[in-house]
Asks: 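My questions will all concern the structure given below.
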Amino acid sequence: MSPIATIRNKITSAGIRSAEQIRAAAVRATAKNGRVSYAYVEPHEDVLRMQETISERLREGESPESVLGASIYLQKEARPPFFSVFIAVREPDLRLFRSTLTSVLEQTYGEFEIFILDRGISDQVRDVIAWYRESRLHYLDFSDGTGFAGVFNRAAAQAGGDYIIRLECGDLLTKDALFEAALAVMQTDAEILFTDEDRCDSRGRHFSDPFFKPDFSLDYLYTTDYMSRALIVRRSLFLALRFREEYEDAPEYDFLLRAPKSGIHHIPRVLCHVRQKGSLPSGVMDARKRALIDYFSVRRVRASVHPTPSTGMMEIEYIPDIFTARRMVGVVGGKVLDEKHRIIGGMQDERGNVLFEGWDEAEEGPHLIAQTMQNAWAVDVRCMRIRKELYSLYEEVFGCSYEGHVMYRGENLGILSRQFCTRVREMGYTIIWNPALRRVIRS
């Protein structure tokens, strides 16, 4: 008998809420114990050598079109970007410090500089910097007590990069990270880019917990700071907005909330190994909460924000409801479940695939992605709420009123759901998936 079935047999006399909480805990434990193994696979040596050759040719002045060939789409007049990588340190672990530095210096793409931002480090660290004897490595002394936001703003003003990247001591860039970032810049001309990530141990040898992130999702960003590692930002945009000192415990999160949302690109590759840490400091969650409240206040969105430090997530309650608080939200969809609590419908991608299909409704996924509100391409009509302005469109697509729609198994509800959501998006409305909504379909 499975762990879930065993626990179900023990809770028949429990209340529904208690039973569901116990069952959810069992599902999470089972999912954790049965997690699919993961191993980061570095690009083949031939691929890395090819990237180094391409980088060298670009550095010598050859055009990206001639080096990369006609088979790769590039923006008109694309040029290879120069990156400024920042590592702020204050009495760091020397082994972690070296590993982070080395991961940057071993990049296959050579157009970068590194800034070590001294916020009060020791002579040993200065000796490490001197040992590298690397012309691209710069040292800036900010040991005057200036807060992190002020330090980073001043450093960015002195840098020469087209784009800036901040690493924490212990983080490791994959060898192809800057090459992939440069290619994405030349293809999209994006102002902000973010990558997938995994976790590394203190020695940087074992990798686990890959986080294959969704493309930019504003509602997911409201809930969690999922883009900051490793975040790549056009320097001119950063200098226009800068980090704000009152939110320096969560500087990237506040920056991303204020930044334009039209030029954000996701690089769907693990390009950063993030050092494993414990729970988030309370100051981080408080800064995120205040930044989000400020963001909602400026946009006159009535909502209450409740941080949950144990998960690093924000819970948002819209007042009086999401359709009233946010006038451009058109549709909210939830989970469609079978009698065994497995997901059979809900959030869909543009190809009609149901995300998290077959998962138990209590499974969380990395960064609670399966339990977190986020933007969707389409959602399932069988668990859908819409704003009143869309009632007539609903009747046009589904052939009956929203309030009186009786859904039969023979109907092609998946195709109609995607057609309806496509029309909604064309009207400029946002579609949101809220996993707290659910509907069980009986056989």
Side-chain angles (χ1 to χ4, degrees), residues 214-223 260-262 264 266 296 299-303 316-339 341-359 361 369-443:
D215 290 341
F216 175 65
S217 171
L218 183 58
D219 279 87
Y220 192 46
L221 178 64
Y222 289 164
T223 307
K261 307 303 188 292
S262 58
I264 300 178
H266 172 215
F296 283 150
R299 287 153 185 80
R300 299 183 180 180
V301 174
R302 295 184 62 196
I316 303 167
E317 182 179 354
Y318 294 100
I319 305 170
D321 58 63
I322 193 169
F323 295 122
T324 304
R326 295 171 58 187
R327 62 184 181 86
M328 294 315 296
V329 172
V331 176
V332 178
K335 295 176 180 177
V336 181
L337 309 169
D338 64 13
E339 292 177 315
H341 299 269
R342 293 175 303 203
I343 295 174
I344 58 174
M347 182 165 52
Q348 302 177 30
D349 63 19
E350 59 270 26
R351 295 177 296 277
N353 298 316
V354 176
L355 279 72
F356 316 119
E357 186 173 15
W359 289 33
E361 66 165 321
I369 194 168
Q371 300 291 348
T372 306
M373 186 180 291
Q374 54 196 280
N375 300 100
W377 193 89
V379 291
D380 196 311
V381 68
R382 292 175 293 177
C383 187
M384 177 188 289
R385 297 176 183 174
I386 68 174
R387 66 185 312 115
K388 290 183 178 180
E389 291 88 338
L390 296 175
Y391 280 11
S392 60
L393 175 63
Y394 187 99
E395 186 168 351
E396 176 186 338
V397 173
F398 292 101
C400 61
S401 69
Y402 171 67
E403 299 97 327
H405 190 175
V406 178
M407 302 176 198
Y408 299 100
R409 291 184 180 276
E411 292 182 286
N412 202 339
L413 297 175
I415 292 177
L416 292 176
S417 296
R418 292 191 291 278
Q419 289 177 356
F420 175 71
C421 289
T422 297
R423 296 280 296 279
V424 169
R425 286 186 287 101
E426 289 172 347
M427 294 171 68
Y429 288 107
T430 297
I431 299 171
I432 293 174
W433 182 67
N434 182 359
L437 302 178
R438 65 174 196 165
R439 181 184 177 190
V440 177
I441 303 296
R442 306 293 179 183
S443 58

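Predicted, not measured: the structure shown is a model, and the values here were computed from it.
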Asks: Aromatic contact between W433 and Y220, with the criterion being ring centroids under 6.0 Å apart: yes or no?
Replies: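 Centroid distance W433-Y220: not below 6.0 Å, so no.
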Asks: Could you list the residues that satisfy side chain to side chain donor-acceptor pair (under 3.5 Å) with R342, not counting sequence neighbours?
Replies: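 Residues passing side chain to side chain donor-acceptor pair (under 3.5 Å) with R342: D338.
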Asks: Identify the heavy atoms of L221 and F216 that sit nearest to each other, and give their distance.
Replies: CD2-CE1, 4.2 Å
Asks: Looking at N434, is its backbone amide N or carbonyl O close enough to the side chain of Q374 to form a donor-acceptor pair, meaning the two atoms are under 3.5 Å apart?
Replies: no
Asks: Okay, side chain of K335, backbone of E361: is any donor-acceptor separation there less than 3.5 Å?
Replies: yes
Asks: Return yes if some donor-acceptor pair links the side-chain N/O of R439 with the main-chain N/O of R382 below 3.5 Å, else return no.
Replies: yes
Asks: Which heavy atom of V379 sits nearest a heavy atom of S417, and at what distance?
Replies: O-CB, 3.4 Å
Asks: So, for D380 and G345, which heavy atoms are closest and what is the spacing to 0.1 Å?
Replies: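 Shortest heavy-atom separation between D380 and G345 comes out as OD2-CA, 3.8 Å.
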Asks: How would you list, by chain and number, every residue that makes a salt bridge (charged side-chain N to carboxylate O under 4.0 Å, His left out) with R385, sequence neighbours excluded?
Replies: none
Asks: Judged by atom type as modelled, is there a donor-acceptor pair below 3.5 Å linking the side chain of R425 to the main-chain atoms of W377?
Replies: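 Yes.
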Asks: With a 6.0 Å cut-off on the ring centroids, do Y318 and F323 count as close?
Replies: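 Y318 vs F323: aromatic centres not under 6.0 Å.
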Asks: Between T422 and R418, is there a donor-acceptor pair closer than 3.5 Å when you use the side chain of the first and the backbone of the second?
Replies: yes
Asks: For the pair S217 (side chain) and N375 (backbone), establish whether a donor and an acceptor sit closer than 3.5 Å, ignoring hydrogens and angles.
Replies: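 Indeed, once roles are kept as given, a pair shorter than 3.5 Å links the two residues.
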